[in-house]
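Structure first, then comments.
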Amino acid sequence: MGTTHYIEHVHEKEFSEVGGWPALDFVNTVSGLPTGALSEERFERYEDLVAWGQKHELLDEAAARRLLSGASRRPGKAKEVLERGRALRAAIFRVFTDVAAERRPDPSALEHLNAELAAAMPHARLEHAGEGFAWSWHNPGAELESVLWPIAKSAADLLVSHKLERVRSCQNDTCGWLFLDLSKNRSRRWCSMSDCGNTAKARRHYHRKVKGVVTFQ
C-alpha cells in the first residue's frame, strides 16, 4: 500500500474512542463479543491494525510506513499478526469484563495477555522527553508484530492503574464494549448514549406503552 493510499485508508476507517483508554478502545473494534456472534469487525486486514495504532497515537507515521511496507512483502506474516491481534483483543476483553463484574480474571486470558506483554517488553525503553521521561519502543515498525506491543502494554498499565476501579462494561447485553466511567457519581451505564443508551431508552418506552395498552373483548 502506497503512502497516499495508506493516508486515505487511515481517514476512511472509523474507530470508536468511547473507551477512554487505548486497550479498551482496542476491544471496542468489534461488536458481539459477549455472545460470540461477532459483527462490525474493524480489523479486516493487517492494515487496519496499523491504522488503528496511528489514530490512537501508538504509532507514528514513520513506524506505520515501515509496517505497511513489511506487510506488503510478507502477507503471510501480516495475516498471522492480524490473528494474534484478534486473539489479544479477546483476551483483553475477558480480563476487563471480569474486572468490571468484580470477578477473578479468567486465568487463561490473563496468561495470554502476559505472553504478549512478555514478547513486547524486551523492546521497550525509557527516553528523556522534555523535563521528564517517557516510554518508547526500540526500532518500532521493524517487526510486523510491533503493532501489538503498545496495545499489550496499555492493557497492563491500566491493570495496575488507580483507574482500574472505573472500568465498566456496557449494560447492553449484546454489546459488551468497555469504557472508563469518569462521571462524578460513577453512574455511566452505556458505551454511548447515542447508541446503546438510546436503544435501551426506546426499549423501556416500548414496554411501558405495551403494558399501558388495555384491550376489551
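Quick caveat: nothing in here was measured; it's all calculated off a predicted structure.
Within a 6.0 Å sphere centred on CZ of Arg104, heavy atoms belonging to other residues, nucleotides or ligands number 12 at most. Enclosure of atom CG in Asn139 by more than 12 non-hydrogen atoms of other residues, nucleotides or ligands within 6.0 angstrom is indicated. Other residues, nucleotides and ligands contribute over 12 non-hydrogen atoms within 6.0 Å of the CD atom of Glu127.
A donor-acceptor contact shorter than 3.5 Å links the side chain of Arg42 to the backbone of Glu14. Although no hydrogens or angles enter the test, the distance criterion places no donor-acceptor pair under 3.5 Å between the side chain of Arg168 and the main chain of Cys191.
Side chain to side chain, Ser69 and Arg73 meet the donor-acceptor criterion of an N or O pair below 3.5 Å.
Between atom CG of residue Asp25 and atom CZ of residue Phe15 there is a gap of 11.0 Å, rounded to the nearest 0.5 Å. Put simply, NE2 on His123 and NE2 on His138 are 8.5 Å apart, with the number rounded to the nearest 0.5 Å. Remark: Trp177 CH2 to Ser16 OG distance equals 4.0 Å, nearest 0.5 Å.
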Below 3.5 Å, can you tabulate the donor-acceptor pairs from side chains in residues 142-165 to any protein atom, sequence neighbours excluded?
from: Ser146; atom 1: OG; to: Gly141; atom 2: N; distance (Å): 3.2
from: Ser146; atom 1: OG; to: Glu143; atom 2: O; distance (Å): 2.6
from: Lys153; atom 1: NZ; to: Asp157; atom 2: OD1; distance (Å): 3.3
from: Lys153; atom 1: NZ; to: Asp157; atom 2: OD2; distance (Å): 2.9
from: Ser154; atom 1: OG; to: Trp21; atom 2: NE1; distance (Å): 3.1
from: Ser154; atom 1: OG; to: Ala23; atom 2: N; distance (Å): 3.0
from: Ser161; atom 1: OG; to: Lys163; atom 2: N; distance (Å): 3.0
from: Glu165; atom 1: OE2; to: Arg186; atom 2: NH1; distance (Å): 3.3
from: Glu165; atom 1: OE2; to: Arg186; atom 2: NH2; distance (Å): 3.1

Can you give each donor-acceptor pair under 3.5 Å made by side-chain atoms of residues 108-117, sequence neighbours left out, with the distance rounded to 0.1 Å?
from: Ser108; atom 1: OG; to: Asp106; atom 2: OD1; distance (Å): 2.7
from: Asn114; atom 1: ND2; to: Leu110; atom 2: O; distance (Å): 3.4
from: Glu116; atom 1: OE1; to: Arg84; atom 2: NH2; distance (Å): 2.7
from: Glu116; atom 1: OE2; to: Arg84; atom 2: NE; distance (Å): 3.1
from: Glu116; atom 1: OE2; to: Arg84; atom 2: NH2; distance (Å): 3.4

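Both Leu82 and Leu58 are members of a single hydrophobic cluster when ILVMFWY side chains are connected at heavy-atom separations under 4.5 Å.
Ring geometry for Phe26 against Phe43 counts as tilted: the plane angle lies between 30° and 60°, on a 0 to 90° scale.
Scanning for side-chain hydrogen bond (donor to acceptor under 3.5 Å, both in side chains) contacts around Arg86 gives Glu83, with sequence neighbours left out.
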Query raised in the report: Would Arg103 and Asp98 count as a salt bridge (Lys or Arg N to Asp or Glu O under 4.0 Å) if you check the C-alpha gap in whole Å, the side-chain angles of each, and the deciding distance to 0.1 Å?
Result: CA-CA 5 Å; Arg103 297 190 298 259; Asp98 286 340; 2.7 Å; yes
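Ion pairing between a basic and an acidic side chain is recognised when a charged N comes within 4.0 Å of a carboxylate O; Glu41 and Arg89 show such pairing.
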